[in-house]
Amino acid sequence: MRDVTLLQIFEHHITQKYLNRSGMAHAIAVSYHAFQLAKDRGEDVDIAAKAGLLHDMGHFTWYKNGKWDYQLYKQNDIHAIKGAERAHKLLIRLGENPVLAKTVSLAILFHTDSFLPSNDIVRTPLQKIVKLADEKDEEEGGLHHYRTISYDRARKSIIRLDEMIDEILYQKLG
């Protein structure tokens, strides 16, 4: 039994605020990719899906002269740091197991190299999964952050992913 479901995370006002800013459709797509990759690789599908959903909640919008500046973003971005902190606080507030909340947060922290001074970090299997899941949904120039999804469709997608996670977890209890 999970302490916190994706639906509980999705419906929280903090999640709505930050994921609507960074792209809800992208967050859900990455969550699905992370689930599938974790399933295929024998990793924890629940933690992977949560990290995938929340991976971009630290985004800040970089504008110059009223226009999105992708280069400014790439040069100054620390969204993984901010997102890891926000996700950890949110998950603890919702009642997530503290060890799992930390694991999710670290996967968010290491899902990108954009804030790292070098690209030589050694990631855990889960951290690799979240990074790969994000890369699977990327579009040139950050356009993946601007795809849209209705609240109802997003909610239904999250409910379905929760069901898929529960199926896997119940099979393991078996």
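Atom set for the values below is all heavy atoms of this structure, side chains included, hydrogens, waters and symmetry mates excluded.
- Separating the CZ atom in R153 from the OG1 atom in T148 is a distance of 9.5 Å, to the nearest 0.5 Å.
- Contact record, D3 with E96: CB-OE2, 3.8 Å, taken as the closest heavy-atom pair.
- Interatomic distance, CG of L161 versus CG of L6, reported as 5.0 Å (0.5 Å rounding).
- Residue V130 comes nearest to A51 through the heavy atom pair CG2-CB, 3.6 Å, listed as atom of the first residue, atom of the second, then distance.
- V30 and M164 are assigned to two separate hydrophobic clusters, defined by single-linkage of ILVMFWY side chains at heavy-atom distances under 4.5 Å.
- One hydrophobic cluster, built from ILVMFWY side chains closer than 4.5 Å, holds both Y32 and L54.
- Proximity of D44 to L126: side-chain heavy atoms (C-beta onward) are nowhere separated by under 4.5 Å.
- Distance check, rounded to the nearest 0.5 Å: CG of L100 to CG of L91 gives 9.0 Å.
- In this structure, the separation between CD on Q127 and CG on L132 is 13.5 Å, given to the nearest 0.5 Å.
- The side-chain heavy atoms of R93 and H12, taken from C-beta on, include a pair separated by under 4.5 Å.
- Of all non-hydrogen atoms in F10 and Q16, the two that sit nearest each other are O-NE2, 2.7 Å.
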Open item on the list: Determine whether K156 and E163 satisfy the following criterion, salt bridge (Lys or Arg N to Asp or Glu O under 4.0 Å), listing intermediate values before the conclusion.
Closed with: CA-CA 11 Å; K156 286 176 183 170; E163 290 169 351; over 6 Å; no

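- Side chains of L109 and L106 form a contact here, defined as non-hydrogen atoms less than 4.5 Å apart.
- Considering every non-hydrogen atom in both I108 and A80, the closest pair reads O-CB, 3.7 Å.
- Note that the NE2 atom of H55 and the OG atom of S22 stand 7.0 Å from one another [nearest 0.5 Å].
- Residues L53 and I28 form a side-chain contact, since some pair of their non-hydrogen atoms from C-beta on lies under 4.5 Å apart.
- Here the CD1 atom belonging to I165 is positioned 11.5 Å from the OH atom belonging to Y170, to the nearest 0.5 angstrom.
- Contact check for F35 versus E43: no side-chain heavy atoms found under the 4.5 Å cut-off.
- Side-chain contact between I121 and R123 is present, with at least one heavy-atom pair separated by less than 4.5 Å.
- If you chain together hydrophobic residues whose side chains sit under 4.5 Å apart, I129 and I168 never meet in one group.
- In the hydrophobic clustering of ILVMFWY residues, with side-chain heavy atoms under 4.5 Å counting as a link, V4 and V104 come out together.
- Taking all atoms of both residues into account, the shortest heavy-atom contact from A87 to S105 is C-OG, 4.1 Å.
- Defined by atom type and a distance below 3.5 Å, a donor-acceptor pair is present between the side-chain atoms of H26 and D134.
- Of the candidates K39, K172, R2, R2 is the only one forming a salt bridge (Lys or Arg N to Asp or Glu O under 4.0 Å) with D46.
- Side-chain contact between I14 and R86 is absent, with no heavy atoms from C-beta onward closer than 4.5 Å.
- When the side chains of ILVMFWY residues are joined at heavy-atom separations under 4.5 Å, either directly or via intervening members, I92 and L94 end up in two distinct hydrophobic clusters.
- A salt bridge between K131 and E135 is present, with a side-chain N of the basic residue lying under 4.0 Å from a carboxylate O of the acidic one.
- When every heavy atom of D162 is checked against every heavy atom of L7, the shortest pair comes out as OD2-N, 2.9 Å.
- Counting heavy atoms from C-beta on, the side chains of I158 and E11 never come closer than 4.5 Å.
- Classification of R147 and D137 as a salt-bridged pair holds, one side-chain N sitting under 4.0 Å from a carboxylate O.
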